[in-house]
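In what follows, chains carry the letters A, B, and so on, assigned in the order in which the sequence lines appear, proteins first and then strands, with residues in each chain numbered from 1.
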There are 2 protein chains.
Amino acid sequence: MTAERIRDAAILRFGRDGFAAGLRAIAADAGVTAGLVVHHFGSKDGLRKACDVYVLEVIRSEKTKATTGSPAGMIAQLAEIEEYAPHALYSLRSMQAGGELGNAFVEQMCADAETYLEAGVQAGMIRPSRDPAGRARYLTYQGMGSLLLWMSLRQGPVELDDFRTELRRLSNEITLPALELFTDGLFVDRSMLDEYLLYVSDPPDGSPKP
Amino acid sequence: MTAERIRDAAILRFGRDGFAAGLRAIAADAGVTAGLVVHHFGSKDGLRKACDVYVLEVIRSEKTKATTGSPAGMIAQLAEIEEYAPHALYSLRSMQAGGELGNAFVEQMCADAETYLEAGVQAGMIRPSRDPAGRARYLTYQGMGSLLLWMSLRQGPVELDDFRTELRRLSNEITLPALELFTDGLFVDRSMLDEYLLYVSDPPDGSPKP
DNA sequence: GCCCCGATTGAACAGCGGTTTAGTCTTTGA
DNA sequence: TCAAAGACTAAACCGCTGTTCAATCGGGGC
């Protein structure tokens with residue numbers, strides 16, 4: 001079907017150039033004209049919405065273990081994706097641009113991370129947290145955010161091959177510091193944590209809650 | 001001076017709306033016309049360059065302890081900035097858009113983080129790392145990246161007041177998980193780290209280096 | 001007093017973006 | 001076979017952008 005070809009071309013283009021990509025470029029990639037795109041999707045925003053639901057569908061169905069709960073694991077496994085790199089890139093662009101899919105995507109990743117972390121805790125591999133949801137959200141934002149920062153810093157188009165190879169390079173660079181942090185932490189003593197726990201149990205101002 | 005007023009208005013506008021903001025909007029904010037802006041700065045890119053060097057100057061002179069090396073510290077201290085919030089927001093936009101200032105800024109933050117971490121190690125508060133530079137870069141990317149992700153997810157303009165208050169809220173949400181991670185780590189045993197260290201000492205393929 | 005130079009403006013220009021429209025071509029169904 | 005419906009195109013339209021240009025205004029030097 002032509003509409004699907006347009007949608008796939010749009011996913012590729014949007015991933016490569018961001019959502020500032022023009023309809024004419026997408027149409028040319030799909031071998032059609034700009035008018036046909038809006039004929040099928042109503043508008044550029046309609047096209048984006050169609051891409052959103054499709055990508056979310058693909059990711060949802062293929063995320064058998066797409067997230068392990070740890071940022072290093074996320075990135076490493078993202079790097080292994082060959083076939084689904086376009087959808088991963090498109091998702092990153094969605095986060096970069098904001099909007100519904102971007103928010104839905106990170107919310108889903110936060111929820112998944114919490115599930116996997118809880119499983120790790122039950123299996124005796126991961127330390128329990130005083131705020132499991134907060135920890136999951138924290139780790140997810142840090143992991144996906146660093147990825148987003150990396151992509152944002154390189155201005156201009158992001159080629160799929162570059163995406164894959166650079167992702168692997170990043171994964172290699174990150175693995176050691178992440179493993180260090182995850183096994184031994186950063187601080188040598190618990191004074192800062194204890195002070196904070198004391199502070200939130202009797203806060204001078206009632207802003208944070210335990 | 002009028003040129004300085006234009007520059008300041010541009011820093012505010014760019015921070016609020018991103019670099020897609022129009023010259024006419026900036027000019028209106030400064031009480032002048034679009035023509036005068038290019039008369040003074042040559043082009044929109046010239047205006048952005050001028051904002052870049054000025055913001056970098058301000059940040060450099062005022063970063064007495066703008067970074068502590070830890071993501072939680074970064075964000076918390078960024079949140080305390082009242083006067084320099086526009087410059088912090090502009091820097092975030094620079095990272096979002098890529099370009100020279102964005103890269104220069106994170107590189108500087110990585111270097112600073114390494115310095116502060118080393119100081120913490122010398123003071124006996126922070127654990128030494130097998131790859132201090134890599135750890136500093138890792139922590140910087142995670143911390144700034146999560147901030148960038150937060151800003152990217154909210155589409156539309158970012159008001160200065162929202163920026164400050166939301167930054168504080170984020171800081172409160174993050175502090176506990178970060179302190180937990182920094183004191184105890186995430187894993188209960190060292191098996192994953194030991195396996196990796198064994199792996200990099202005799203890699204099956206020569207990609208990562210110890 | 002005059003003149004020149006920089007600041008400043010308003011309008012116009014050129015290009016690109018999404019969208020619209022009129023028209024052609026292809027398929028389909030009775 | 002014919003006509004209606006939808007796929008598809010080419011061109012135009014319109015709003016927005018950064019940029020240019022001619023003209024005007026306002027002081028400072030000779």
* **Partner residues of B:M192 under the side-chain contact (heavy atoms from CB on, under 4.5 Å) criterion, sequence neighbours left out** => A:L179, B:F187
Using atom names, set out every protein N or O paired with an N or O of nucleotides 9-16 of chain D below 3.5 Å, distance rounded to 0.1 Å.
residue: D:dT9; atom: OP2; partner: A:T33; partner atom: N; Å: 3.1
residue: D:dT9; atom: OP2; partner: A:T33; partner atom: OG1; Å: 3.2

* Is the distance from OP1 or OP2 of D:dA7 to the nearest side-chain N or O of A:T2 less than 4.0 Å? -> no
N/O donor-acceptor pairs under 3.5 Å from side chains in residues 17-34 of chain A, not counting sequence neighbours:
residue: A:D17; atom: OD2; partner: A:R13; partner atom: NH1; Å: 2.6
residue: A:D29; atom: OD2; partner: A:R13; partner atom: NE; Å: 2.5

* For A:R7, all residues meeting side-chain contact (heavy atoms from CB on, under 4.5 Å), sequence neighbours excluded -> A:E4, A:I11, A:F41, A:C51, A:Y54
* To do: Would you please say whether a donor-acceptor pair under 3.5 Å links the side chains of B:Y138 and B:D131?
  => no
* For B:R16, all residues meeting side-chain hydrogen bond (donor to acceptor under 3.5 Å, both in side chains), sequence neighbours excluded -> B:E159
* Asked: ring-ring contact (aromatic ring centres under 6.0 Å, His included) with A:H40: which residues, sequence neighbours excluded?
  -> none
* Of all pairs that satisfy salt bridge (charged side-chain N to carboxylate O under 4.0 Å, His left out), the ones with a partner from residues 175-185 of chain B, not counting sequence neighbours -> A:R130-B:E180, A:R190-B:D184
* What residues in residues 8-23 of chain A put a non-hydrogen atom under 4.0 Å from any atom of DNA chain D? -> none
* Please state how far atom CZ in A:F41 lies from atom C1' in D:dA7, giving the value in whole angstrom units. => 13 Å
* Under the side-chain hydrogen bond (donor to acceptor under 3.5 Å, both in side chains) test, which residues partner A:E173, sequence neighbours left out? -> A:R169
* Structure fact -> Sequence neighbours excluded, the answer for side-chain hydrogen bond (donor to acceptor under 3.5 Å, both in side chains) partners of A:E107 is A:R137
* Asked: For A:N103, what residues pass the side-chain hydrogen bond (donor to acceptor under 3.5 Å, both in side chains) criterion, not counting sequence neighbours?
  -> none
* Structure fact -> Min and max contacting nt of DNA chain C in 5' to 3' order, chain B heavy atoms within under 4.0 angstrom, are C:dA7 to C:dA12
